[in-house]
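Remarks on the structure that follows.
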Amino acid sequence: MTVRTRFAPSPTGMLHIGGVRTALFEILLAHRHAGQALLRIDDTDRERLVPGAIQALIEDLRWVGLHFDEGPTAEEITKADGPPKDGVGIGGPLGPYVQSLRVDRYKEISEKLISLGAAYRCDCTPERLAQEREEQTARKEQVGYSGYCRDRNVNASLPHVVRFRIPEERQIILDDKVKGEVRWEKIILRDPVLLKTDGFPTYHLATVVDDHDMLISHVLRADEWLSTAPLHLLLFEALGWPAPIFGHLPPVLGTDGKKLSKRHGATFLSAFREDGYLPEAILNFLALIGWSPGEGEEQEIFSMAELTQRFSLERVNNAGGVFNYDKLKWMNGMYIRTLQPADLAQRLKPFLAAAGLNVDDGKLERITPHIQQRLELLPDAVPLVDFLFKDEIDRDMPAMLKKGMDAVKARELCRQCADALAAVQHFDESAIEAALRLVAEASGAQAGPVFTVVRIAVTGKKVTPPLFESIYSLGQEQTVARLRQTVSLLG
RNA sequence: GGCGCUAUCGUCUAAGGGUUAGGACGAAGCCCUCUCAAGGCUUAAAUACGGGUUCGAAUCCCGUUAGCGCUACCA
């Protein structure tokens, strides 16, 4: 059997980080078994539809490095949400992959269900339903549709919905690949709506039809769908279609144990991008919420290739997991350290520019290897390198004149260092170090305090990348100028 | 309320009847060191509770408690 999975987000807003994990698992599972993962747009809720959301969804997925084997074509995206920015879609043999473009198919199946006696038309008004619910609540009954229209043979020409006839006394057993066996002795769902008055299907109908039509073998989805799984099973059964294998994924939680939301921090993928997280780190981190390699494995850093090779549904946890921002940051730092310096420099540039810095490629290239182990997030680079890209710097003089260092001594040190550095022939890290150490030694002071003076004189602050490398990156001329400027400042 | 899911350090998790209950993040300390980091070493920190089953339970079963989800013409 070919393993085929699908990620079916709703274009009702930005892509949530929990959704990213679902998408990750879909891709991991499919590719683990040399199958296909597809992207399907679930835009059946016309009221909550957000213009531009499909575009954003696809862009986010692409940025984070989640690539699907089948999905909406550029034409399909255009029809549903306007032309894609880069004009590129995904495509595939079983489209369209946008549900609003498949309404005829849902209509056809719902008619089939009606003729089979498994579904019926219902013209109950929202008011009537509300009243029913009120009465049920008052009588402390189970709330839900009464089944009033079950045998009324509502005329198809009237505005109506189509409801599924939930069979009485049916026991349902779901062999969930994550949760294990789940049983329902009786079904509490009360004749749910399949097709809405506006002609669009509800999730239940659309997902069953599409999963069948698109030859989906494994349905991986959030935990919250578990309660409605019996309906889907019943639907497959009524249609005489084999049901796919299900796996209900545990939720991604906030620190308080509730579903991750804005209150806890960034939740949309785009926010993580803006905060300076690396796609590689995000994916790796997400994989470890709800999944682990097991077998005593202690490795935690996994590439997509490794994850693909190791992933299995059996190792997916069934308890929810808290999204730990601290650990993500740590992991992001780990990934930043493995980047080629040139690559890192490129990723840094947008953030430096956003901070208003006029980036000089040569300087950035020289300093990058030295800030690499000092970053957790990309924007962390800003305060570390901004001294390189400013004409004028503010100096933290109080920090310079601490622990027995007075203005007179500091002034003399700066003067001597300026002279020494100005005299250096081959201006590189080791020559700079030699020159500065010589000055420090001659002054009779400890090297540390001397370097602090120079550090602040040249960069303005007490925390910087390593001194000699910072000076080398800045260049001889500017360094000497800044030292002399400090001399006059102290005079 | 009903139905369902879940329960190991603060957090992510390992250990699928027999371990001093392991690792990672975070925290603390030490080493290294021109600041800050990175790195190395070390420490504190957990089987929700109660019953069974068993020679033996974190692990299997039942119950309790707690948390979460669903209970829409939303997904």
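The chains referred to below are lettered A, B, ... by the order of the sequence lines, with proteins before strands, and numbering in each begins at 1.
Relative to the side chain of R374(A), the nucleotides A75(B), A37(B), C73(B) differ in distance, and A37(B) lies closest. Residue R48(A) has its side chain nearest to C74(B) when only C12(B), C36(B), C74(B) are considered.
Across the protein-nucleic acid pair, W330(A) atom CH2 and C25(B) atom P stand 5 Å apart, rounded to whole Å. One atom, CG of L377(A), and another, C1' of A37(B), lie 14 Å apart when rounded to the nearest Å. What separates CD of Q299(A) from C1' of G22(B) is a distance of 16 Å, to the nearest Å. Look at CD1 on I371(A): it is 19 Å from P on U35(B), rounded to the nearest Å.
Residue-level contact check: V322(A) touches the backbone only, with heavy atoms under 4.0 Å from sugar-phosphate atoms and none from bases. Within 4.0 Å (heavy atoms only), K258(A) reaches sugar-phosphate atoms of the nucleic acid but no base atom. If you check every strand for non-hydrogen atoms under 4.0 Å, P465(A) touches a base. K179(A) comes within 4.0 angstrom of the backbone, heavy atoms only, and of no base.
In this structure U71(B) sits in a base pair with G1(B), meeting the Watson-Crick or G-U test at under 3.5 Å.
Screening E135(A), E127(A), E134(A), R133(A) for a side chain to side chain donor-acceptor pair (under 3.5 Å) involving Q131(A) leaves a single residue, E135(A).
With hydrogens and angles ignored, a donor-acceptor pair closer than 3.5 Å exists between the side chain of T197(A) and the base of C73(B).
Side chain of Q476(A) to main chain of L421(A): a donor-acceptor pair is present (N/O by atom type, distance under 3.5 Å, no hydrogens or angles).
Figure legend: cation-pi geometry between R337(A) and Y335(A) absent, as NZ or CZ is not positioned both under 6.0 Å from the six-membered ring centre and within 45° of its axis. A cation-pi contact, defined as under 6.0 Å to the ring centre and within 45° of the axis, links R128(A) to Y148(A).
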